[in-house]
Amino acid sequence: MTENSELRGFYKLTMGERRQLLKKVTSLSDDEIKILANTGGLPAETADHMIENVVGGYTYPLGVATNFTINGKDYLVPMALEEPSVVAAASNAAKMARVKGGFKVTNTGPVMIGQIQVVNVPKPEGAKAKLLERKIDLLKKANDQDPMLVSLGGGAKDLNVKVLSSLKGPMVIAELIVNTGDAMGANAVNTMAEAVAPMVEEITGGRALLRIISNLADRRLVRATAVFDRETIGGGDVVDGIVYAYAFADADPYRCATHNKGIMNGVVAVGIACGQDIRALEAGAHSYASRNGRYKPLTTWEKNRDGDLVGTLEMPMAVGLVGGAARTHPAARANIRMLGVKTAIELAEVMGAVGLAQNFAALRALASEGIQKGHMKLHAHNVASSAGATGELIDIIAARLIEERKIRFDRAKELVAELSKEK
Ligand code: NAD
């Protein structure tokens with residue numbers, strides 16, 4: 001808490017100086033400042049260059065999901081997140097998927113869209129035609145910005161032009177279709193969009209305003225599928241239950257939001273562990289889910305002729321191995337090595353498989369014993385620990401909370417008081 005948030009020149013201070021000032025203007029204790037100062041596996045200097053006004057670091061637990069076999073190859077999957085049960089659920093789902101050969105994943109290539117908005121265009125439809133006529137020149141201008149990407153086989157490959165009728169009247173949108181190779185591509189595409197904008201203005205006679213990548217990466221999809229053996233997952237009722245659960249999500253956006261959130265539990269956790277822009281992943285996922293005007297599940301679940309469960313996932317997956325934190329964060333680099341992926345599309349495919357696994361695990365729990373049983377064990381540990389239990393007391397109190405079916409903070413506090421005295 002602070003009385004005045006106007007800290008002039010804060011950005012010019014060193015990390016240490018920023019912390020000192022922070023201590024002065026807030027009620028943070030020395031211990032709390034020390035906790036915030038810790039940058040974990042990320043060197044302080046690197047952190048200071050990654051974002052602005054850096055005062056320290058913030059660490060998530062890093063778990064490793066086991067059992068994944070994807071396109072015939074085994075992977076150990078690093079996952080960084082705060083939510084209990086996700087890593088266990090992914091590992092368990094992957095184990096069940098192995099019975100029928102694991103996950104099969106394909107992708108549509110690393111293709112992103114860069115948009116240039118042009119307003120005040122005298123003849124929008126005519127301007128569209130003119131832009132398309134000059135496609136070769138526009139693509140050349142875009143590609144001149146990134147010889148490195150072009151030399152690797154990427155670059156601007158196509159031009160799309162549309163006329164939108166908007167709140168502010170018609171506007172022309174020129175879209176660069178860019179193969180971004182092993183990069184997520186936002187910087188690369190934004191640079192291209194900015195560079196071609198003056199040419200677009202000249203051709204259309206309008207004014208170029210926004211020049212930026214679209215996070216609705218519908219040309220950069222992953223498609224994952226897996227067959228789950230009926231007996232392995234608990235029988236025909238579980239198969240039917242999951243199909244019903246999917247039908248619920250398909251029919252109701254309130255349920256669907258949580259259905260897709262479960263997918264993102266896996267996608268985002270791997271994304272964080274591997275230094276990806278998870279805001280871009282979230283934006284891509286949810287905009288794709290509503291691309292036809294209604295919010296829909298990113299997965300489908302069906303029963304096949306043998307009575308087994310077949311799951312499929314289709315969603316954008318804009319990830320990269322060069323650029324961004326994937327390159328600068330040493331823990332991200334180590335996690336990418338643990339995973340052993342060699343290209344951005346391989347990382348995208350792994351993340352698609354994890355998303356499908358996560359969704360399966362959640363639906364299976366929901367359609368059988370309910371989600372809380374699995375969740376509560378870890379939750380009980382968190383409750384015990386936040387009530388002040390330390391060391392072996394955490395396990396003892398968590399077990400008592402579960403046994404008493406009272407996984408509540410007030411009860412944990414009582415137990416901490418009681419058992420600490422005994423000790
Ligand atoms: P980048 O610009 O750091 O790296 C990409 C560049 O690396 C390419 O342009 C190319 O010149 C070079 N390169 C070298 N080897 C390559 C290879 N094998 N494949 C492809 N390129 C190779 O990073 P980026 O991926 O263009 O941008 C990603 C960053 O942009 C992320 O950190 C993201 O958070 C940020 N960002 C996102 C948005 C958004 O999503 N809306 C907007 C702005 C910035």
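Note that these values count all heavy atoms, side chains included, but never hydrogens, waters or copies made by symmetry. It should be emphasised that the depicted structure is a prediction, and the values quoted were computed from it without experimental measurement. Note that ligands are numbered from 1 as they come in the structure, with each ligand's atoms numbered from 1 the same way.
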I'd like to know if [X] pairs up with [Y] as an ion pair, taking the criterion as any Lys NZ or Arg NE/NH1/NH2 lying under 4.0 Å from an Asp or Glu carboxylate oxygen.
X	Y	answer
Asp218	Arg291	no
Lys140	Asp144	yes
Arg8	Glu6	yes

Contact partition for [X] relative to ligand 1, non-hydrogen atoms under 4.0 Å:
X	result
Asp182	both
Val189	neither
Ile213	side chain

Proximal ligand 1 atoms for [X], defined as those under 4.0 Å from one of its heavy atoms:
X	result
Met148	10 (C), 11 (O), 12 (C), 13 (N), 14 (C)
Ala183	5 (C), 19 (N), 20 (C), 21 (N), 25 (O)
Thr180	19 (N), 20 (C)
Ala188	9 (O), 26 (O)
Asn190	42 (C), 43 (C)
Asp146	8 (C), 9 (O), 10 (C), 11 (O)
Gly323	1 (P), 3 (O), 4 (O), 23 (O)
Asp277	33 (C), 34 (O), 37 (C), 40 (O)

Is atom 42 (C) of ligand 1 less than 4.0 angstrom from at least one protein heavy atom?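 When distances to the protein are checked, atom 42 (C) of ligand 1 has a heavy atom within 4.0 Å.
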Taking atom types as modelled, find out whether Lys34 and Asn38 have a side-chain donor-acceptor pair closer than 3.5 angstrom.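 No, no side-chain donor-acceptor contact under 3.5 Å.
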Does either side chain, that of Tyr295 or that of His286, offer a donor lying less than 3.5 Å from an acceptor on the other one?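 Their side chains do contain a donor-acceptor pair, which is all the 3.5 Å distance test asks for.
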Please check if the side chain of [X] supplies one atom and the backbone of [Y] the other of a donor-acceptor pair under 3.5 Å.
X	Y	result
Arg223	Thr106	no
Thr204	Val121	no
Arg255	Pro253	no

Nearest-neighbour protein heavy atom for [atom], which is reported as residue plus atom name and distance:
atom	result
atom 37 (C) of ligand 1	Ala186 CB, 3.1 Å
atom 32 (O) of ligand 1	Gly324 CA, 3.6 Å
atom 27 (O) of ligand 1	Asn187 N, 3.1 Å
atom 22 (C) of ligand 1	Val322 CG2, 3.6 Å
atom 16 (C) of ligand 1	Leu152 CD1, 3.3 Å
atom 40 (O) of ligand 1	Asn215 ND2, 3.0 Å

How many angstroms lie between atom OH of Tyr58 and atom OG1 of Thr39, to the nearest 0.5 angstrom? 15.0 Å
Value rounded to 0.5 Å, distance of CD1 in Ile70 from CD in Glu349: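 Reported to 0.5 Å precision, the distance equals 8.5 Å.
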Counting only nitrogen or oxygen atoms and a 3.5 angstrom limit, does Ile212 reach ligand 1? no
Does any N or O of ligand 1 fall below 3.5 Å from an N or O anywhere on Gly185, backbone included? yes
Per the side chain to side chain contact (heavy atoms under 4.5 Å, CB included) rule, which among Leu281, Val354, Val222 passes with Val267? Leu281
Scan for side chain to side chain donor-acceptor pair (under 3.5 Å) pairs involving residues 169-185, sequence neighbours excluded, and state none if there are none. Gln115-Glu175, Asn160-Glu175, Lys162-Glu175, Thr180-Arg220
